[in-house]
Amino acid sequence: MTELNKTGAAVGEPTAAHRPEAFLEVRDLKVHFPTDDGIVKSVDGLSFSLEKGKTLAIVGESGSGKSVTSLAVMGLHRLGARGKNVRMGGEIWLDGKELVNASPDEVRRLRGREMAMIFQDPLSAMHPYYKIGDQIVEAYRVHNNVSKKVARKRAIEMLDRVGIPEPAKRVDGYPHEFSGGMRQRAMIAMALVNNPELLIADEPTTALDVTVQAQILDLIRDLQKEFGSAVIMITHDLGVVAEIADDVLVMYGGRCVERGPADEVFEQPQHPYTWGLLGSMPRIDRETSERLIPVKGSPPSLINVPSGCAFHPRCPYADLPKGNVTRTVRPELQQVDGGHFSACHLSPEDRTRIWTEEIAPKL
Amino acid sequence: MSETNKTESAPEAAIPHQASAPGEREVLLKVEGLQKHFPIKKGILQRQVAAVKAVDGIDFEVRKGETLGVVGESGCGKSTMGRVITRLQDPTGGSIHFEGQDITKLSTGKMRPLRRDIQMIFQDPYGSLNPRHTIGSIVSAPFRLQGVEPEGGVKKEVQRLLELVGLSPEHYNRYPHEFSGGQRQRIGIARALALKPKLVVADEPVSALDVSIQAQVVNLMDDLQQELGLTYVIIAHDLSVVRHVSDRVAVMYLGKIVEFADSSKLYESPMHPYTKALMSAVPVPDPKRRGQKNERILLRGDVPSPIAPPSGCRFHTRCWKATQICKTTEPPLLELRPGQRVACHHPENFADQAPQDVVLLSAAKEAVDLVGSAVLAEEAKQAQASAAAETASEEPAAAAEETVTAEETVSAEETVSAEETVAENQESTDK
């Protein structure tokens, strides 16, 4: 490992003028919301990249900044807040175009065509007053200069593709006439109607039953194969991550604490928070162990983020590194090996030892 | 089954009654033929035109000190069941016995003293706490309503309860909005435990919480059960959580219990095809198992409407093993193996209950496409094994032989389709 590789700055943040090679590259993204109580630092220096045809899962608890990140990529913060109540910094490069400093018009042209989003709750994401078909037609006609008839045909085709029975009939249905799973399918159809190259799915299956969840995950995977899109999957369910993701990014308090290929992150997780997440999950494939190993305490306030490592108040190993380093110095992302990074003050030897001896046997 | 008989013979003497067999615990709650139908009314006269059969005839019992998990998809009636057994809603039919006392038809006034013993924890920690009351007043409400004066005064007792669930006694004068979701759920638990209940019905107690907090609450409920000897009925849609907390599990589908078994037995060898499908759909946090689609069973479509549930076995419209008998005859919930009751004509991991009926329904033929090849191969093996067992045990009568040949054809068919799926899988991976 070279000295250059060891610091997260050299890896995660290449010089600003450099045009990235990756399809989507987010560099040092900051999204802050000024409020009466102080600045809410929802995302505070996040970097990642994603290639076409790959799936990145962003994992974290509520309030860790997962959704804010996805909304930032979609350029939706400015829209809601009219540019007044949000401060954004850093860069987002999508297919060679920078989005953070782009004009709202430019982003609007990309939104829906090059990037699309699936929301958690399809009932509130769809307009209750318009027919499903009309909403898909609208999304299609915004970006394609075609007649209503052609667009309708396209809508029926998409509904068929996502597995809605009798699409020619259901295209005239209203959102409330669809079941939860069907509604989620319709929203996927709407998101994919323009063959976007980047699909962001924000907890797409959280509100669904396991059986339907399996159907939807399969569908997203098949469609990704078919269209070769890049997918960002935002979830808190590590089972879903293992099921679908190539890469994993674990967020805590608005920052990335661990990132790497899914296999490695599950096999050799490097951050105590990732251990905590794995230990908290009851598993269906294991005999009931005595107790779950929860993470003590609750997620941090994003206004007064704990000093040093944001996780130190909840970390059982915070006193292990010498001195007061966990409380005073914010750890940077460091390379573990290959594409696997972790932001932790524990020495690599300590981490390997704790994982193999203390955590892994209890899972 | 033996327990059921005992309580039937001596319904009054249930409290002092001790189960004779060691390990068999006393029955605390016994539910028989429970029904809850919600009428659908139409027109000026508001005549009833149909009913949503949310719970449609279920029997089970909860033993003292155990945790019963109830799982099922949304709309299967599990929450309604929870509300009916706590008498928050009145049942349409059937009976509920609590400690041997029939509480099915008790009036609100007569029910009140029993409320002390039966408590509920709700799913939504935001909606179940009054935002205008302090935590102290919320947790002390049970004492006020029941007119109970705990030793050392209400305030002291409430502070003790807050400590018990891992909150600080100083939180007494705060309001719900000052707490996080996990803390609010703890407040809900403290309130439910205030009067030292015997039975706690928890409706999705952890599903609104983050994973790390979820683990804290699960552990807390576990500790409290051991400390206070509580009996839980935990209703949840998350099968992993239910596996972790439950001693026994009831699987519900469209208002019926389709399988009722000891937790370990249910998860190791599920007998109802629905249970098997449900469990195979749970994503496992292990990327190595990704793409092993051949172990998965995908169910087609959604749960049918509980207004007009399918005839016979309610699962037959989505089941890959459904035959004619499934369409016409409702399978009874039978104890096929000790500690494992199942309502199915063609159970998994067990001898077929209707071996003469072998022709698959057309819906089942479609559904079988979505069943993983490994599952089918295993089934075929078991079918052959059970067929062999039958020939060994029974007289080589012509009838028996017929069934055997019939079974073999089925298993042969299944293996063929399994091979096809394997080939398809390979093709798709090649692509």
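Order of the sequence lines fixes the chain letters, A, B, ..., with proteins taken first and strands second; residue numbering starts at 1 for each chain.
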Candidate pair B/Y274 and B/E348, rule side-chain hydrogen bond (donor to acceptor under 3.5 Å, both in side chains), full reasoning
CA-CA 10 Å; B/Y274 177 65; B/E348 298 278 326; over 6 Å; no
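Side-chain polar atoms of A/D209 and A/T211 form no donor-acceptor pair below 3.5 angstrom.
Proximity to chain A is absent for every atom of B/Q183, based on heavy atoms less than 4.5 angstrom apart. Only the side chain of B/L298 comes within less than 4.5 Å of a heavy atom in chain A; its backbone stays farther off. The parts of B/Q216 that come within reach of chain A are both its backbone and its side chain, each placing non-hydrogen atoms under 4.5 angstrom from that chain. Contact annotation for A/P299: only side-chain heavy atoms (C-beta onward) come within less than 4.5 Å of a heavy atom of chain B. Interface residue A/Q213: only side-chain heavy atoms are found under 4.5 Å from chain B.
Comparing A/G297, A/G181, A/G163, A/G276 by how many heavy-atom pairs each has under 4.5 Å with chain B, the most go to A/G297. Considering only heavy-atom pairs separated by less than 4.5 Å from chain A, the leading option among B/L299, B/V211, B/V284 is B/V284. Looking only at heavy-atom pairs under 4.5 Å with chain A, the residue among B/A281, B/A215, B/P285, B/A277 that has the most is B/P285. Your options are A/Q215, A/M182, A/M281, and the one with the most heavy-atom pairs under 4.5 Å with chain B is A/Q215. Most heavy-atom pairs under 4.5 Å with chain B, from the set A/H236, A/R283, A/K296: that is A/R283.
With sequence neighbours left out, A/T69 forms a side-chain hydrogen bond (donor to acceptor under 3.5 Å, both in side chains) with no residue at all. In this structure, the side-chain hydrogen bond (donor to acceptor under 3.5 Å, both in side chains) partners of B/S168, at least two apart in sequence or on a different chain, are B/E170.
The OH atom of A/Y317 sits 14.0 Å away from atom SG of A/C309, with the distance rounded to the nearest 0.5 Å. Rounding to the nearest 0.5 Å places NE2 of B/H272 at 13.0 Å from NZ of B/K276.
Judged by distance alone, the side chain of B/D238 and the main-chain N or O of B/S240 form a donor-acceptor pair under 3.5 Å.
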